[in-house]
Amino acid sequence: MNATKFQSLMARRLFLAQLGAGAGVVGATVVSSPVAAGQVAADAPWRPARHTQDDWYDKIPGVHRFLFDTSTGDSMGWALQFATNYFAANQEVYGLKESDLAVVIVARHKSTSFAYNDAIWAKYGKQISEQAEFMDPKTKEPPKINVYGPAGETAQAGRMDALIKKGVQFAVCQMSTRGIAGRIAKANGVEPHAYLSRLLERLPHLTTVEDYEAMLPWNFKTSAS
């Protein structure tokens with residue numbers, strides 16, 4: 001993306017944002033007087049609800065925030081591409097440093113597993129691939145590695161690690177992870193509900209690497225006995 005096109009895109013987004021704000025004011029005047037609308041805007045500005053679970057947002061350095069949402073394996077690949085372009089364009093057009101940008105990539109639904117490392121894919125690629133509905137583009141079989149990791153052979157291979165080094169955060173879906181854990185547990189002859197119940201019960205008490213390893217699905221029979 002060249003500088004002229006990027007500036008045009010930014011200008012269009014700014015215009016649409018201003019248009020949306022204007023539409024909100026117009027909508028308010030339909031149901032109330034201009035004076036009342038002005039009082040609402042001045043006295044009670046809208047604020048998003050905040051929860052302690054959201055505190056990590058404020059710990060991400062950078063003043064320019066951007067979020068990429070992904071829900072499939074392919075969309076994760078595009079997000080890695082676009083995030084890479086986002087850093088390059090902001091440096092070229094605005095002269096911003098990597099530390100100026102706060103970027104989050106969401107891995108949810110069928111893209112969740114692409115936040116996992118090669119060790120998980122190597123051991124449970126079949127179950128993960130089934131959940132993600134994704135096959136290795138080269139072999140047409142369940143991947144044995146994270147195809148977007150350094151060892152992958154996709155166009156975006158290695159970009160995930162490069163983005164992490166730039167400060168990008170990955171938000172990984174907890175619900176999808178539970179579902180994937182259930183699949184893996186079932187593949188190991190463990191009843192998924194029993195495994196997840198035991199896992200949730202034990203998680204607050206796990207403190208060492210050995211504790212966590214004992215609760216992995218393939219070790220669950222030993223840890224639960």
Would the number of heavy atoms belonging to other residues, nucleotides or ligands and lying under 6.0 Å from [atom1] of [X] be above 12?
X	atom1	answer
E191	CD	yes
W78	CH2	no
Q174	CD	no

Checking [Y] against [X]: is there a side-chain donor and acceptor pair closer than 3.5 Å?
X	Y	answer
Y116	T177	yes
T208	D211	yes
Y148	D161	no

Query raised in the report: So, do H64 and L101 sit near enough that their side-chain heavy atoms are less than 4.5 Å apart?
Result: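 They are in side-chain contact.
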Query raised in the report: Is any side-chain heavy atom of H193 closer than 4.5 Å to a side-chain heavy atom of S197?
Result: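 Heavy-atom side-chain distance check passes, below 4.5 Å.
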Tell me if a side-chain donor or acceptor on [X] pairs with a main-chain N or O of [Y] at a distance below 3.5 Å.
X	Y	value
S111	T70	yes
N117	A119	yes
S176	C173	no

Query raised in the report: Can you check salt bridge (charged side-chain N to carboxylate O under 4.0 Å, His left out) on D118 and K123, steps first, answer last?
Result: CA-CA 9 Å; D118 288 347; K123 196 170 185 70; over 6 Å; no
Report task. Establish, yes or no, whether a centroid distance under 6.0 Å links the rings of F66 and Y86. Result ->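 Under 6.0 Å, so yes.
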**Report entry** Ionic contact status for K110 with D74, cut-off 4.0 Å
**Finding:**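 Salt bridge between D74 and K110, a charged N being under 4.0 Å from a carboxylate O: no.
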Report task. Answer with yes or no whether the hydrophobic clustering places I145 together with M160; edges join I, L, V, M, F, W, Y residues whose side-chain heavy atoms lie under 4.5 Å apart. Result ->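 No, it is not one cluster - the side chains of I145 and M160 are not joined through contacts under 4.5 Å.
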